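The sequence lines fix the lettering, A, B, ..., with proteins before strands; numbering per chain opens at 1. As the structure is a computational prediction, the values presented were derived from the model and not from experiment.
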Amino acid sequence: MSEKSSYSVNLPQTTFPMKANSTVREVEIQKFWDEQKIYEKNLENRQANTKFVLHDGPPYLSSSKIHIGTALNKILKDIVTKYKAIKGFYAPYVPGYDSHGLPIENAVLKDVKGGRHSMSPVELRKRCKEFALSNLKGQEANFKRLGVWGDWEHPYVTLDARLEAEQIRVFGKMAAAGFLYKGLKPVSWCPNCETALAEAEVEYADHTSDSIYVKFPVSPESRAKLPEAVKNEDDVSFVIWTTTPWTLPANLGVALHPDFKYVFVKVPGHGVLVCSEALKGAVLAAASVDEASTQVLASATGKELELIECKHPFIDRKSLVINGEYVTNDTGTGCVHTAPGHGPDDFIVGAKYKLGVVSPIDGRGIYTSEAGQFANTRYDKANQPIVDHLQELGKLLAHSKLTHSYQHCWRCKKPLIYRATEQWFASVDGFRKQALQAIDQVEWLPASGRNRIFSMVEKRSDWCISRQRSWGVPIPVLYGKKTGKPLLREDVINRIADVFEREGSDAWWIHDASYFLQDGFTADDGSTEFDKEMDIMDVWFDSGVTHASVIDARPELRGTPCELYLEGSDQHRGWFQSSLLTSVAVQNRAPYKTVLTHGFVVDESGRKLSKSLGNGVEPDEVIKQYGADVLRLWVASVNYTDDIPIGKNMLAQLAEVYRKLRNTARYLLGNLNGFDPAEAVSYDELNEIDKYILHRLQEVVKQVEVDFDRYEFFKYYQVLQNFCVVDLSSFYFDIIKDRLYTSARKSVSRRSAQTVLYEVLQVLVRLLVPVTPHLAEDIWSHTPENLRGKETSVLLVDFPKVNEAYKKPELDAFWDDLISVRYVVNKALEQARASRKIGSSLEAQVVLQVEKKEVADKLLSLSDNLTGLFITSQAAISQNGAAGDNGHLADVSESGVRVLVLPAKGQKCARCWKFSEKIGHNANYADLCDSCSEAVVADS
RNA sequence: UGCAUGGUAGCUCAACUGGUAGAGCAUUCUGUUGAUAACGGAACGGUUGCAGGUUCGAUUCCUGCCUAUGCAACCA
């Protein structure tokens, strides 16, 4: 280096490192937040303010590690609560966990020899609890590492005795309101999990079934009811079609559509067959019968055939011909096999005709003795024997395999059956109208969510809340030992709740029924001895009542309704709905004011993430490579209302943006070194470009505020990024470097720039808080106290307010013109550079010819600052003629501006590197330009 | 199968009630070496999913299709 470099220049200086070193630094910062109790302090500071409560939808504790989708959800929630907090709201966040239920019980049982029947319920529950709580520890660590703040010391867990007790109390209220009943109904049943399932737990997948056509002969006693032409035929059969041969033992009827036309077809070798006219061809084809050999003897509507009796094909029992509107002519025969024990439609129509219910299958899917010769066979193993048996009896008309969509258990993925059993139901019918009204009191974001949940609630049937398992909250019902009558009294149920609150719900399995009743208790029906209901509640009930057991029960949450629920869009049929239904049932209103939903994470080509595709993204791996803030930035960068893409490419780009934000802050801090806000330049004295940036800054604040308020974080991301890159880094920062580095340290022009940098820093660090809190805190911790005030954590400061005094919309128009001129100048300079005429732009002078006078005037008004705008050594505006046309290095015309690039005049100043004709006037500094020598003198 | 929502540069997003498609990132070239594992400049890149229609003019409105995702149904 030459001696010239010894001239003092005011270079940036800061302790804020360029590299994030996130794996270490983020953890340090999180420790600082922990130790300083930042979350608690925030709440304390905001205690008197308006509340904004986001109620956490509890993640399920079946795994100790969170998925990327769970991370996304938690980060979104955290962005919201942090934003609301710095906006001044009282915004507590209590994390929750969903701890009961089948998947956990199954996971625990997987390692138990002998299965669920080999240990007592209390022992099993103990193991489930241990399993759930150990997973909680893992998930909690994952969540904290994301930088999520909240009351981690006191999360809510559905297995907590107090929550269980509140849940029981809600059950009691619903019982008192008459919304709970016990009924025999076919429900979706998983023979593998041995329990009933709710609608929300059913999913559809392809399944191959036996497709059979079966003859149901008309009883001799009913022949009189047949049409005249076939009265004397001795072999008349209704033909049904089914894909579930195993339900035939439960058959009690044959359903016809009342308005369809049915035909009586004489078929060689099969007697007379009855099917709908529309399906005759298909039926005969299935039976491989040549239609030409057949003869239609008669026809009748379904209505006319109602109440004819048939014989069950292989059981000595009647099967009644009935009418049902649900019968279609799409497939089958138009005659529908009806087994009220195995189908919802069948059940309803069966009740109408008083067919009764036969459901000869136990909880494991095995035929009971009611099934006669098929007893002790598992239902799915019975298909073939039944088909064979029908064949032997000559009742089988056709048989083939059919692959179709069929209901499966969403937990164990095995096929489900419909099975009529005694279950507890919440009567949605009882409060459907109120629920639908409540839906319209809620703001749904995006708005399509409203229709989604509305139509679901509108159509859903009663909610089956019984589960025949051990890991859950018991259904708190006692039955009179002799009468079998359920005791649905709220006072009794509340007494049970009190016991649970003291002892936990294990008490239900430990104590006799009498323990839960007052001594000498006598029920209305005279019962004094009781049995306990041994079913537990659907887990959706657990999480569904947290509006009561958490929001209303914890004083710091200040009661329902809360401001926001924020979950994946699948929760319209899950938690949003279970919460709504229970809340409407006991309070006649929704528990939330706004429901915000997000989509699902997919890979960069839009495919679902799955282990088999190998396109999964693990949150902890992203954090290890890039840090939590980059993952959070990802969440903020995408429009999460649709599918949310993630992948290596995206993360790498996000890491770039993170670095840009970081370096922007580093520039601010570095150039504010030694600045004291007391030295700030008054607004009127500011340089024009400085005023412009202050104005832009206000626009950014306003825009960001709008974007956050609308939960449109991806817009915030774009605005922030554009501001940092376009307005600051490539424009303002580049231009003011000259002033910052070479003007006298305390000169007005330097302080003018610093005044703006100071304002920008104040705003920027605050705007970073919700999305990249670690970065914001890191900046804060490296900001001198005289610049940031006494507050030790940036999480405790307030969101910036738009400073009206800085808003000057006219500056936009002014600078838009100058900036487009600057583009042309840059092109010209680049041309000169490409032809190796110049390197640095300071080696050039530019001469501009400007068509529009107003633009020329704007340029002229900048006077000395014009060179700063272009970062050249000289710049001149020539309105008429082509001054300096000779010897130019480049000549570019565009958008009304002609730019000539010429070699800079004079010599290069050793300090500011600009070329000048005023060099060496101060003998002490022979190689410095005038302004530099003045600056050096001033600073020495 | 029906309903809903989306389909704009390699990637993430723009374009107010129809008016010549814009940013950033990435890529390539390049300058600087006083934000330096940083910063600047330029270039490349789109018949806005496809096909029609309305209009002087459509990414924007209408119809159909394709495609992605979600939901419902596909029961017997």
When we call it a touch if two heavy atoms are under 4.0 Å apart, what does [X] touch: a base, just sugar-phosphate, or nothing?
| X | result |
| --- | --- |
| T244(A) | sugar-phosphate |
| K660(A) | sugar-phosphate |
| T331(A) | base |

[X] [atom1] - [N] [atom2] separation (whole Å):
| X | N | atom1 | atom2 | value |
| --- | --- | --- | --- | --- |
| K648(A) | rU12(B) | NZ | P | 16 Å |
| L764(A) | rA35(B) | CG | P | 19 Å |
| E567(A) | rC71(B) | CD | C1' | 18 Å |
| Q721(A) | rA23(B) | CD | P | 14 Å |
| D707(A) | rC13(B) | CG | P | 14 Å |

Given the [atom1] atoms of [N] and [M], what is the spacing between them in whole Å?
| N | M | atom1 | result |
| --- | --- | --- | --- |
| rU47(B) | rU8(B) | C1' | 13 Å |
| rA14(B) | rG49(B) | P | 15 Å |
| rA21(B) | rU48(B) | C1' | 7 Å |
| rC50(B) | rG7(B) | C1' | 11 Å |
| rA68(B) | rG22(B) | P | 31 Å |
| rG24(B) | rG45(B) | C1' | 14 Å |
| rG18(B) | rC71(B) | C1' | 33 Å |
| rG64(B) | rU54(B) | C1' | 15 Å |

(message) I'd like to know if the side chain of R750(A) and the backbone of S743(A) have a donor-acceptor N/O pair within less than 3.5 Å.
(response)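 Between the backbone of S743(A) and the side chain of R750(A) there is no qualifying donor-acceptor contact (under 3.5 Å).
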(message) With a 3.5 Å distance limit and no angle check, can you tell me whether Q571(A) reaches the backbone of E567(A) through a side-chain donor-acceptor pair?
(response)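 Checked: no pair found.
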(request) With RNA chain B as reference, determine whether W913(A) or S637(A) sits nearer its 5' end, using the nearest nucleotide of each. (result)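 Its nucleotide being nearer the 5' end, the pick is S637(A).
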(message) Return whichever of K19(A) or N826(A) has its heavy-atom-nearest nucleotide of RNA chain B closer to the 5' end.
(response)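 Closer to the 5' end of RNA chain B: K19(A).
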(request) For residues R696(A) and D727(A), report the shortest heavy-atom separation together with the two atoms involved. (result)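 Heavy atoms only, the tightest pair is NH2-OD2, 2.8 Å.
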SB check [X] [Y] (cutoff 4.0 Å):
| X | Y | result |
| --- | --- | --- |
| K702(A) | E699(A) | no |
| D707(A) | R710(A) | no |
| K827(A) | E830(A) | no |

(request) Determine which bases of RNA chain B form Watson-Crick or G-U wobble pairs with both distances under 3.5 Å, and write the result as a 5' to 3' dot-bracket string with | for other-strand partners. (result) (((((((..((((.....[..)))).(((((.......))))).....(((((..]....))))))))))))....
(message) I'd like to compare against my own output: the B/S/- annotation of nucleotides 4-11 of chain B with a strict under-4.0 Å heavy-atom distance to protein.
(response) -SS---BB
Could you verify whether a donor N or O on one side chain and an acceptor N or O on the other, from [X] and [Y], lie under 3.5 Å apart?
| X | Y | result |
| --- | --- | --- |
| H312(A) | N251(A) | no |
| K401(A) | S209(A) | no |
| H399(A) | D210(A) | yes |
| H782(A) | T14(A) | no |

(request) Mark yes or no for a side-chain to base donor-acceptor pair under 3.5 Å between T328(A) and rA76(B), with no hydrogen or angle criteria applied. (result)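 Under the 3.5 Å cut-off, the side chain and the base do form a donor-acceptor pair.
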(message) Would you say that L390(A) contacts V214(A) through its side chain, given a criterion of any heavy-atom pair below 4.5 Å between the two side chains?
(response)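 A side-chain contact under 4.5 Å exists here.
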(message) Less than 4.0 angstrom between a side-chain N/O of S729(A) and OP1 or OP2 of rG40(B), yes or no?
(response)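 Checking rG40(B) against S729(A), a side-chain N or O does come within under 4.0 Å of OP1 or OP2.
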(request) Would you indicate, yes or no, if rA43(B) has its OP1 or OP2 atom less than 4.0 angstrom from a side-chain nitrogen or oxygen of K827(A)? (result)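 Indeed, a polar side-chain atom of K827(A) lies that close.
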